[in-house]
Amino acid sequence: VLSEFAPEEMFIDPAIHFANHIKQELGKMDLLSSKTTSSDKFYVSSNPENFQKASKMFYELNEPPELLVF
């Protein structure tokens, strides 16, 4: 909607600046990883099947989430 009133070049995506800030802070604390590949592991406290189904909207899980029982 906003692009109807102003050119797209005028818009700033704050996520890019925030990610760069976080990267700088992690670098200062020597917490950046040098890995170029990664794997994701998800843990849930209930309903792993529901989590896997709902997450497909945003992210394709390579393996089902692990149920943690406390």
Side-chain angles (χ1 to χ4, degrees):
V1 172
L2 294 175
S3 62
E4 294 179 22
F5 302 100
E8 195 170 317
E9 298 82 39
M10 291 184 65
F11 300 113
I12 298 170
D13 183 354
I16 295 168
H17 300 287
F18 182 68
N20 286 331
H21 173 73
I22 296 298
K23 183 178 179 180
Q24 282 182 323
E25 293 299 310
L26 290 172
K28 288 178 190 176
M29 295 183 284
D30 198 31
L31 294 173
L32 282 177
S33 174
S34 59
K35 290 182 179 180
T36 57
T37 60
S38 67
S39 62
D40 296 318
K41 180 79 175 157
F42 292 88
Y43 300 90
V44 295
S45 57
S46 67
N47 302 320
E49 298 83 14
N50 288 350
F51 179 87
Q52 190 168 14
K53 185 188 293 185
S55 69
K56 285 184 181 182
M57 184 183 324
F58 305 103
Y59 187 84
E60 189 65 40
L61 299 178
N62 294 326
E63 59 184 77
E66 185 175 331
L67 177 63
L68 297 179
V69 179
F70 300 96

Which pair of heavy atoms, one from Ser45 and one from Phe70, lies closest together, and at what distance?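 The answer is CB-CE1, 4.3 Å.
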
Kindly compute the distance separating CE (Met29) from CD (Gln24), expressed to the nearest 0.5 Å.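 That separation rounds to 11.5 Å.
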
With a sphere of 6.0 Å drawn around CE of Met10, does it hold more than 12 non-hydrogen atoms of other residues, nucleotides or ligands?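 Open: at most 12 neighbouring heavy atoms sit under 6.0 Å from CE of Met10.
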
Taking distance alone, no hydrogens or angles, what donor-acceptor pairs closer than 3.5 Å link side-chain atoms of residues 13-23 to residues at least two apart or in another chain?
residue : atom : partner : partner atom : Å
Asp13   : OD1  : Ala15   : N            : 3.0
Asn20   : ND2  : Ile16   : O            : 3.3

Residues which pass salt bridge (Lys or Arg N to Asp or Glu O under 4.0 Å) with Glu66, listed by chain and number, not counting sequence neighbours: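 Partners of Glu66 by the salt bridge (Lys or Arg N to Asp or Glu O under 4.0 Å) criterion, ordered by chain and then number, come out as Lys41.
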
Which pairs with one or both residues in residues 35-64 pass ring pair (Phe, Tyr, Trp, His ring centres under 6.0 Å), sequence neighbours excluded?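 Passing the test, one end in residues 35-64: Phe42-Phe51, Phe42-Tyr59.
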
Using the rule side chain to side chain contact (heavy atoms under 4.5 Å, CB included), only one of Asn50, Asn47, Val44 pairs with Pro65; which is it?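 Filter result, single survivor: Val44.
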
